Amino acid sequence: MRIAYVFLGAFLAIAQSAYAEVASPPVLAPLKRQAQAAELSAQFLSRYSYKPVPLDDALSARIMDGFIKSLDPDRMLFLQADIDRFMSDRNEIDDAIERKDLKIPFAIFNAYEQRVVDRMNYARSLLKQGFDFSTQENYSVLRDKAPWSQSEAESNELWRKRIKSDWLRLKLGGKTDAAIRETLDKRYENTLERAYKFKSDDVFQSFMDAYSTSIDPHTDYFGAAASADFNVSMKLSLFGIGAVLQERDDYTTIRELVPGGPAQLSGKLAVGDRITGVGQGKDGAIKEVVGTRLDEVVQMIRGKKGSVVRLDILPADAGADGTHRVISLVRDKISLDKQAARKTVLSVKAGDATRKIGIITLPVFYEDFEAKGKGDKDYKSASRDVAKLLDELKQEKVDSVLIDLRNNGGGSLDEAIDLTGLFIGNGPVVQQRRSDGKIEVKSAEFAAPVWTGPMGVLINRGSASASEIFAAAIQDYGRGVIVGEPSFGKGTVQTVIDLDQIVRNSKPEFGELKVTIAQFFRVNGGTTQLRGVTPDIGLPGLSDPTVFGETSYDNALPWAEIKPANYTPADTVTTLLPTLQSRHDARVGSDPDFQRLLKDIADLKAQREKGVISLNEAERRKEATAREKRFKDRAEAGDGEDLGDDGLEAGERSLSADIAIENARKNAKDVLLDETAAILADEVDLQECMLKAATKQTGKTDGK
């Protein structure tokens with residue numbers, strides 16, 4: 001068996017959409033290769049995981065529960081009778097996998113499809129009559145533990161409130177009844193139409209997600225599409241035309257052109273243009289793609305570097321019967337720079353001085369494994385890019401460097417180690433314990449650190465795995481100050497196994513497994529598992545730890561501890577922490593932006609704990625008025641504009657309106673980043689004071 005590469009990351013499964021139309025949805029059936037892939041995966045997972053779990057009745061029950069939850073997480077679709085029927089097979093999945101029989105999950109999925117059809121048809125029928133918003137009633141928004149509907153009448157009542165809530169949101173957003181009917185009818189129709197676009201591979205991927213995560217939260221199965229997307233996310237590159245695409249009203253629409261890509265350089269495409277057909281090569285027939293799934297259109301447009309793709313384009317400003325044009329583009333390598341490390345510089349007042357804080361934002365610990373394996377000296381990697389940015393920040397004479405790892409879910413283990421080496425030079429970074437109990441210490445091997453000045457790390461609940469390794473090492477060495485929320489709490493290592501290589505398949509059929517093979521520990525002997533990295537200075541966060549983070553998984557590994565590695569920590573940051581904390585407290589106590597953020601977080605938490613929303617218009621308008629006043633006060637204070645809630649979902653506004661809202665959110669004041677930069681400016685100020693005091697004391701001693 002060949003292990004391709006090792007990486008860390010908390011990758012979240014993408015929830016499948018509901019679907020169908022007025023007629024019954026297509027009945028999906030398993031393919032032979034899928035049953036073979038499931039049985040082969042079972043052999044591997046039962047023997048070689050860090051914590052092997054036998055495929056038995058107990059695991060079968062977990063798989064069943066996880067699969068149903070993935071389809072209907074809010075218990076809005078299935079009836080209790082459906083669940084009772086499914087549960088008769090709850091302990092049979094293990095035997096079925098061994099027999100290479102996937103009828104059980106496919107039968108459940110087909111029932112799910114039919115329930116979606118029933119509910120969407122009912123939802124559309126309600127739009128004809130409207131609603132009375134003067135009555136006092138509530139709608140529950142937290143239904144993951146609610147009982148299943150006992151009857152169709154009970155389900156109808158649940159959906160009546162759901163549709164009434166959707167209507168009221170749009171009404172409060174200023175829409176007329178006619179516009180609301182049109183918007184919601186189209187929304188539910190789109191949900192129906194997606195039924196016909198699901199394929200057997202989608203069902204299998206969903207089932208295997210339920211199986212793999214029943215082993216542990218970070219074991220995953222990658223079908224062909226998921227594997228390709230993962231490889232792109234690690235390489236930060238692909239071969240294509242350089243266009244970000246979006247599905248809007250059955251059209252594949254250009255949302256963004258990647259600077260320097262073939263699409264942008266050609267001058268033949270514009271944001272809002274719609275792709276109605278795709279042809280391969282200079283002479284290949286153009287296949288119509290209106291109504292085709294977005295991922296399928298993407299695969300048709302991607303291809304080998306230097307090859308030609310032809311697109312049938314309906315211009316953005318043309319009606320449905322407008323004049324089309326056909327363009328030819330030559331595919332090239334596209335770099336996904338938005339996910340690459342990037343830098344900015346903030347000037348912050350600290351004491352009597354103004355400090356320059358260099359901020360490096362790193363969305364993922366990427367590494368082009370394939371290029372590295374081929375010996376490409378210029379392969380793409382996070383630590384290499386950060387090293388270049390650090391050199392640039394030196395030239396700009398910044399006083400401190402902040403590594404922003406918020407929502408960085410992880411990536412390459414080697415990159416986490418090398419990134420740490422940029423700040424500590426040489427030394428242990430992480431300890432790794434395999435299933436046999438053997439412990440390996442992994443070290444950075446730099447002759448000297450690239451950055452020796454003051455630094456810090458900003459984390460939040462979305463900072464996981466490789467992010468936690470880096471932040472923990474910086475904290476254990478006392479190298480910098482850690483600021484933010486407690487991190488995700490993922491302390492395990494995965495590797496990707498190509499199932500086709502195991503059975504020596506000449507063509508890809510069975511997919512890949514991302515399998516947990518080890519647990520990692522900090523150099524101080526502790527682990528980030530469950531507890532995450534606790535910041536030196538805490539900042540508030542919007543996430544709910546009960547539903548997001550390692551503690552939200554009922555089959556997560558427990559916290560553990562081993563012997564510390566042989567490393568030498570510094571105590572500089574520890575000495576400064578009390579003063580940094582007191583300055584932080586004083587500053588945020590009088591900062592109106594920070595106080596408004598705290599109010600937002602408190603309101604969100606209260607709403608979350610309440611779990612219900614009122615369907616009474618007068619009550620909701622009162623809430624909306626208070627919210628609008630708060631936004632107005634912020635706008636007058638220069639803190640962004642009022643984005644409000646128009647009740648619309650993505651794709652229901654005009655493309656220009658969606659892009660404007662997205663840009664407004666990107667450009668909104670980042671209160672937490674600004675405060676973290678101020679903390680680092682204080683760190684610089686205090687370290688300089690300590691240095692001056694030490695120099696003065698040395699001078700006195702020398703004078704004696």
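The figures here come from the full heavy-atom set of this structure, side chains too, leaving out hydrogens, waters and symmetry mates. In this text the structure is predicted, and so the values were computed from the model without any measurement.
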Original post:
Would a line drawn from the ring center of Tyr221 to the ring center of Tyr211 be shorter than 6.0 Å?
Top reply: no

Original post:
Is Asp202 salt-bridged to Arg194, going by a charged N under 4.0 Å from an acidic O?
Top reply: no

Original post:
Does the distance from a Lys or Arg side-chain N to an Asp or Glu carboxylate O, for Lys199 and Glu296, drop under 4.0 Å?
Top reply: yes

**OP:** Before giving the answer on side-chain contact (heavy atoms from CB on, under 4.5 Å), spell out for Ile313 and Ile275 the whole-Å C-alpha distance, their side-chain angles and the decisive distance to 0.1 Å.
**Re:** CA-CA 5 Å; Ile313 300 297; Ile275 300 172; 3.8 Å; yes

**OP:** Under the salt bridge (charged side-chain N to carboxylate O under 4.0 Å, His left out) rule, what do Arg33 and Asp201 come out as? Steps first, then yes or no, please.
**Re:** CA-CA 10 Å; Arg33 61 174 169 79; Asp201 280 341; 3.0 Å; yes

Subject >> Test salt bridge (charged side-chain N to carboxylate O under 4.0 Å, His left out) applied to Glu154 - qualifying residues, sequence neighbours left out >> reply: none

Subject >> Test: Asp600 and Arg596 ion pair at under 4.0 Å >> reply: no

Subject >> Residues Arg621 and Glu617 bridged, charged N to O under 4.0 Å >> reply: yes

Original post:
Mind checking what makes side chain to side chain donor-acceptor pair (under 3.5 Å) contact with Glu652, not counting sequence neighbours?
Top reply: Arg187

**OP:** Output yes when Arg62 and Asp65 qualify as a salt bridge under the 4.0 Å nitrogen-oxygen rule, no when they do not.
**Re:** no

Subject >> With sequence neighbours excluded, residues passing side chain to side chain donor-acceptor pair (under 3.5 Å) with Arg274 >> reply: none

Subject >> Which residues share a salt bridge (charged side-chain N to carboxylate O under 4.0 Å, His left out) with Asp118, sequence neighbours left out >> reply: Arg115

Subject >> From Leu127 atom CG to Glu182 atom CD, the distance as rounded to the nearest 0.5 Å >> reply: 11.5 Å

Original post:
With a 4.0 Å cut-off, would you call Asp177 and Arg181 a salt bridge?
Top reply: no

**OP:** Tell me, with the steps shown, if Trp167 and Phe131 meet ring pair (Phe, Tyr, Trp, His ring centres under 6.0 Å).
**Re:** CA-CA 8 Å; Trp167 187 299; Phe131 299 93; 5.7 Å; yes

**OP:** Measure from the ring center of Phe86 to the ring center of Phe78 and say whether it is less than 6.0 Å.
**Re:** yes

**OP:** Start with the C-alpha gap between Phe204 and Phe106, add the side-chain angles, then the distance that decides, and say whether ring pair (Phe, Tyr, Trp, His ring centres under 6.0 Å) holds.
**Re:** CA-CA 8 Å; Phe204 182 62; Phe106 274 79; 7.6 Å; no

**OP:** Show your working on side-chain contact (heavy atoms from CB on, under 4.5 Å) between Val290 and Tyr251 and close with a plain yes or no.
**Re:** CA-CA 5 Å; Val290 177; Tyr251 286 105; 4.0 Å; yes

Subject >> Qualifying residues under salt bridge (charged side-chain N to carboxylate O under 4.0 Å, His left out), relative to Arg653, sequence neighbours excluded >> reply: Asp646, Asp658

Subject >> Matching residue for Asp645 among Arg169, Lys175, Lys171, Arg620 - test: salt bridge (Lys or Arg N to Asp or Glu O under 4.0 Å) >> reply: Arg169

Subject >> Listed partners of Asp229 passing salt bridge (charged side-chain N to carboxylate O under 4.0 Å, His left out), at least two apart >> reply: none

**OP:** May I ask you to decide whether Asp89 forms a salt bridge with Lys103, counting only side-chain N to carboxylate O separations under 4.0 Å?
**Re:** no

Subject >> Electrostatic pair Arg325-Asp273, nearest N-O below 4.0 angstrom >> reply: yes

